[in-house]
J.: 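Got a structure here, written out as C-alpha cells. Questions coming.
It should be emphasised that the depicted structure is a prediction, and the values quoted were computed from it without experimental measurement. Nothing fancy with the numbering, it's 1 onward along the sequence. Note that ligands are numbered from 1 as they come in the structure, with each ligand's atoms numbered from 1 the same way.
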Amino acid sequence: MPSLRVLVTGGAGFLGSHLCDRLVASGVDVICLDNFFTGSKDNVAHLLGNPRFELLRHDIVHPILLEVDQIYNLACPASPIHYQYNPVKTIKTSVMGAINMLGLAKRVRARILQASTSEVYGDPKVHPQTEAYWGHVNPIGIRSCYDEGKRVAETLMMDYHRQNNVDIRIVRIFNTYGPRMAVNDGRVVSNFIVQALRNQPITIYGDGSQTRSFCFVSDLIDGLWRLMNTEGLTGPVNIGNPREFTIRELAGLVISLTGSKSEIVQKPLPQDDPIQRQPDISLATGKLGWQPSVALKDGLVSTIEYFQRRLAV
Ligand code: NAD
Ligand code: UDP
C-alpha cells in the first residue's frame, strides 16, 4: 500500500517543524509548505535529505494543487508582533489560506485539520474556556486581524463540512512554547528566556497579574496527531495545558531556572490583551485520551537549553 501523503502548511515554523518531525518518524510522506515569513529552513534542515520529506516555498493566499491525503493547515504568524506587522496579510492568510486549503481538501478528498487558537475566546468572560463558549472578541482592535481571521477560518471549515462534506478537524491551540521558537519571536516565553540569558531587563507588560496556561510543544503535537487520526470529531477541540500561571510567576520561574541577574521592568499592557486564559480540556481527555504530561518547569529547562545553544553561536 502506498504511504500516506501529508501536507503541513507553515511547516517550517515552530509548531509545524515539530509536526513534520513527528510525521516523518511515523513513516508517512510529508510535504512541508511555507513562505518563510516567521519560519525558517533551519527548523527543518535536518529533514532535507530524508526521501520522505519535501520542502516547498509557497504562500497559501494563492491556490495550489497537490495530491495529498491529509492537510494540517498551520500557516499563519502566531506572535502578536509578527501578526500585527502586516495585519491585512495576516487576515488574508487565515481567510484565503483556509479557502485555498479547503478547496484542495475538497478536490483531492483529503482530511484537513485547521490550527485555530484560544484567541477565538478573546478576553474571555467564561473561565476556564470550554469549546461551547462563543468568546468575547473585539472585531476592530489590533488583535482582530488574527482573532477574527481564525474565527472565519473555523466558520469556513464548518461550512465546507456541512455543504461539501469535507472531512475536517479544528484544534484550538492554547499558548505553546518550546525549542525552535525564533529568538525574535516576541511571545512571552521566548522573550523572557532570551532576556534572562542576556542579563537584560525582563519586560512584563502591565502589572503581570494576567494569566496564561503554557503547553510544551511535544504535548501539543501529540494532541494534533491524535485529533487528526480520531474519527468523528468535527467540532473544535481545545488543546493546551490547564495549569494557569500569572506572567509575573513565569518571569520569576525563568529568572530562577537561568540564574539570571536580570531585573524586572514594567511596560504598558498592549490593547485588548486578555486578562486570563485557561483551557477546559475535558473534550480532548474524553475523546482523544489526551492530556499534557510536561510540567512548565521541565519544559522551560529544555527550552532554556535550546536558547543557550542558539545564543552561543
Ligand atoms: P510560527 O510563526 O512559528 O509559524 C507559522 C508558520 O507559517 C511560519 O513558518 C510562517 O513562515 C508560515 N506562514 C505564515 N504565513 C504564511 C503564508 N501566507 N503562506 C505560507 N506560510 C506562511 O507560529 P507557530 O507558533 O508555529 O504557530 C503555528 C500555527 O499554530 C499558527 O496557525 C498559529 O496561529 C497556531 N497557534 C499557535 C499557538 C502557539 O502558542 N504556538 C497558539 C495558538 C495557535
Ligand atoms: N508579555 C509580557 N512580556 C513580553 C511579551 C508578552 O508581559 O515580553 C505578556 C503579554 O502582554 C500577554 C502574555 O505575556 O499578557 C502572553 O503574551 P504572548 O504574546 O506570548 O501571547 P498571547 O497574548 O497571544 O497569549
Side-chain angles (χ1 to χ4, degrees), residues 8-20 32-41 43-44 56-62 64 72-84 86 89-94 96-98 100-101 113-121 123 143 146-147 149-150 153 171-178 180-182 185-195 201-217 220-221 224 238-240 245-248 250-251 264-277 279:
V8 181
T9 77
F14 161 50
L15 296 182
S17 62
H18 286 280
L19 179 61
C20 287
C32 167
L33 179 158
D34 209 292
N35 72 349
F36 304 118
F37 173 47
T38 50
S40 152
K41 274 187 200 163
N43 285 339
V44 290
L56 200 61
R57 181 190 288 266
H58 180 77
D59 192 311
I60 59 159
V61 304
H62 304 295
I64 189 165
Y72 289 86
N73 190 27
L74 269 55
C76 185
S79 163
I81 55 165
H82 294 299
Y83 71 63
Q84 287 162 12
N86 183 345
K89 178 66 195 259
T90 299
I91 198 158
K92 277 187 181 171
T93 295
S94 278
M96 295 163 73
N100 289 330
M101 289 305 120
L113 178 147
Q114 171 65 37
S116 186
T117 169
S118 52
E119 304 288 343
V120 300
Y121 301 121
D123 190 8
R143 295 174 80 99
Y146 182 75
D147 304 5
K150 292 288 188 180
V171 57
R172 291 185 178 153
I173 301 171
F174 284 64
N175 298 65
T176 301
Y177 68 98
R180 297 199 197 138
M181 294 184 90
D185 181 274
R187 281 175 280 184
V188 68
V189 174
S190 51
N191 267 11
F192 283 5
I193 292 177
V194 169
Q195 290 162 344
I202 305 262
T203 53
I204 288 188
Y205 301 161
D207 65 5
S209 63
Q210 71 271 36
T211 67
R212 295 293 185 272
S213 308
F214 298 102
C215 186
F216 189 62
V217 60
L220 192 279
I221 298 301
L224 295 192
N238 290 339
I239 298 284
F245 291 85
T246 66
I247 294 305
R248 192 165 283 280
L250 176 71
I264 291 178
V265 295
Q266 267 182 241
K267 297 253 175 133
L269 190 68
Q271 188 198 331
D272 293 336
D273 200 281
I275 290 165
Q276 56 181 358
R277 183 179 292 154

J.: Under 4.0 Å from ligand 1, counting heavy atoms only, is it the side chain of S116, its backbone, both or neither?
T.: backbone
J.: Which of the atoms of ligand 1 are close to F36, meaning less than 4.0 Å from one of its heavy atoms?
T.: 11 (O)
J.: Looking only at non-hydrogen atoms, find the nearest pair between N73 and A98 and report the distance.
T.: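 Taking N73 first and A98 second, the nearest heavy atoms are ND2-CA, 4.1 Å.
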J.: What heavy-atom pair brings L220 and C215 nearest, and what distance separates the two atoms?
T.: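 Closest heavy-atom pair between L220 and C215: N-SG, 4.0 Å.
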J.: Name the residues in contact with ligand 2, where contact means a heavy atom under 4.0 Å away: which are they?
T.: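 Lining ligand 2 at under 4.0 Å, by heavy atoms, one finds P80, E119, R143, N175, G186, R187, V188, N191, F192, T203, I204, Y205, Q210, R212, I247, P270, D273, R277.
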J.: Using the rule side-chain hydrogen bond (donor to acceptor under 3.5 Å, both in side chains), only one of N175, D123, T211 pairs with R277; which is it?
T.: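 Single pass found, and it is N175.
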J.: Record the part of Y146 in heavy-atom contact with ligand 1 below 4.0 Å; permitted values are side chain, backbone, both and neither.
T.: side chain
J.: Any idea which protein heavy atom is nearest atom 1 (P) of ligand 1, and the distance to it?
T.: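 Residue, atom and distance for the closest contact: T38 OG1, 3.7 Å.
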J.: Heavy-atom distances under 4.0 Å decide this one: backbone, side chain, both or neither, for N175 against ligand 1?
T.: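 The answer is the backbone of N175.
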J.: What atoms of ligand 1 come closer than 4.0 angstrom to any heavy atom of H58?
T.: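 Contacts of ligand 1 toward H58, numbered from 1: 19 (N), 20 (C).
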J.: Touching ligand 1 at all, P77? Heavy atoms, strictly under 4.0 Å?
T.: yes
J.: Of the protein's non-hydrogen atoms, which lies at the shortest distance from atom 18 (N) of ligand 1, and what is that distance?
T.: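 So the nearest neighbour among protein heavy atoms is D59 OD1, 2.9 Å.
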J.: Nearest to atom 27 (O) of ligand 1, what protein heavy atom do you find, and at what distance?
T.: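 Of every protein heavy atom, A78 CB, 3.7 Å lies nearest to atom 27 (O) of ligand 1.
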J.: Could you find the nearest protein heavy atom to atom 17 (C) of ligand 1 and give me its residue, atom name and distance?
T.: N35 ND2, 3.3 Å
J.: Check this for me - ligand 1, I60, N or O atoms closer than 3.5 angstrom, yes or no?
T.: yes
J.: Among all protein non-hydrogen atoms, which one is nearest to atom 43 (C) of ligand 1, and what is the separation to 0.1 Å?
T.: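 Protein heavy atom with the smallest distance to atom 43 (C) of ligand 1: I173 O, 3.1 Å.
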J.: Work out whether the distance between some heavy atom of K92 and some atom of ligand 1 is less than 4.0 Å.
T.: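 Not so, K92 does not reach ligand 1.
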J.: Within the structure, is a non-hydrogen atom of L74 found at a distance of less than 4.0 Å from ligand 1?
T.: yes
J.: Which residue and non-hydrogen atom of the protein lie closest to atom 4 (O) of ligand 1, and at what distance in Å?
T.: G13 CA, 3.6 Å
J.: Output yes when D273 and R212 qualify as a salt bridge under the 4.0 Å nitrogen-oxygen rule, no when they do not.
T.: yes
J.: For ligand 1, which part of K150 has a heavy atom less than 4.0 Å away: the side chain, the backbone, both, or neither?
T.: side chain
J.: Give me the nearest non-hydrogen protein atom to atom 41 (N) of ligand 1 as residue plus atom name, then the distance to 0.1 Å.
T.: R187 NH1, 2.9 Å
J.: Nearest protein heavy-atom contact for atom 40 (O) of ligand 1: which residue, which atom, what distance?
T.: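 The answer is T176 N, 2.8 Å.
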J.: Between atom CG of D147 and atom OG of S94, what is the distance when rounded to the nearest 0.5 Å?
T.: 10.0 Å
J.: Classify the ring geometry of Y177 against F214: parallel below 30°, tilted from 30° to 60°, perpendicular beyond 60°.
T.: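 Rings of Y177 and F214: perpendicular, over 60°.
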J.: Check the orientation of Y83 and Y146. Use parallel for under 30°, tilted for 30 to 60°, and perpendicular for over 60°.
T.: parallel
J.: Indicate every side-chain donor-acceptor pair of residues 264-272 with a distance under 3.5 Å to a residue at least two apart or in another chain.
T.:
from	atom 1	to	atom 2	distance (Å)
Q266	OE1	R248	NH2	3.4
Q266	NE2	G206	O	2.9
D272	OD2	N138	ND2	2.9

J.: Do T38 and D185 touch side chain to side chain, with heavy atoms closer than 4.5 Å?
T.: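 Contact flag for T38/D185 side chains = no.
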J.: Indicate yes or no: does E119 engage K150 in a salt bridge with an N to O separation below 4.0 Å.
T.: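 No, this pair does not count.
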J.: So, is T93 polar-close to ligand 1, with some N/O to N/O distance under 3.5 Å?
T.: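 Between T93 and ligand 1 (N or O atoms, distance only) the closest approach is under 3.5 Å.
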J.: Out of all atoms in ligand 1, which are within 4.0 Å of some heavy atom of G10? Include the element for each.
T.: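 Matching atoms, with element in brackets: 6 (C), 7 (O), 9 (O), 12 (C).
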J.: Could an N or O of ligand 1 be found under 3.5 Å from any N or O of F14, whether backbone or side chain?
T.: yes
J.: Measuring from atom 7 (O) of ligand 1, which candidate in A153, C76, G39 has the nearest non-hydrogen atom?
T.: C76
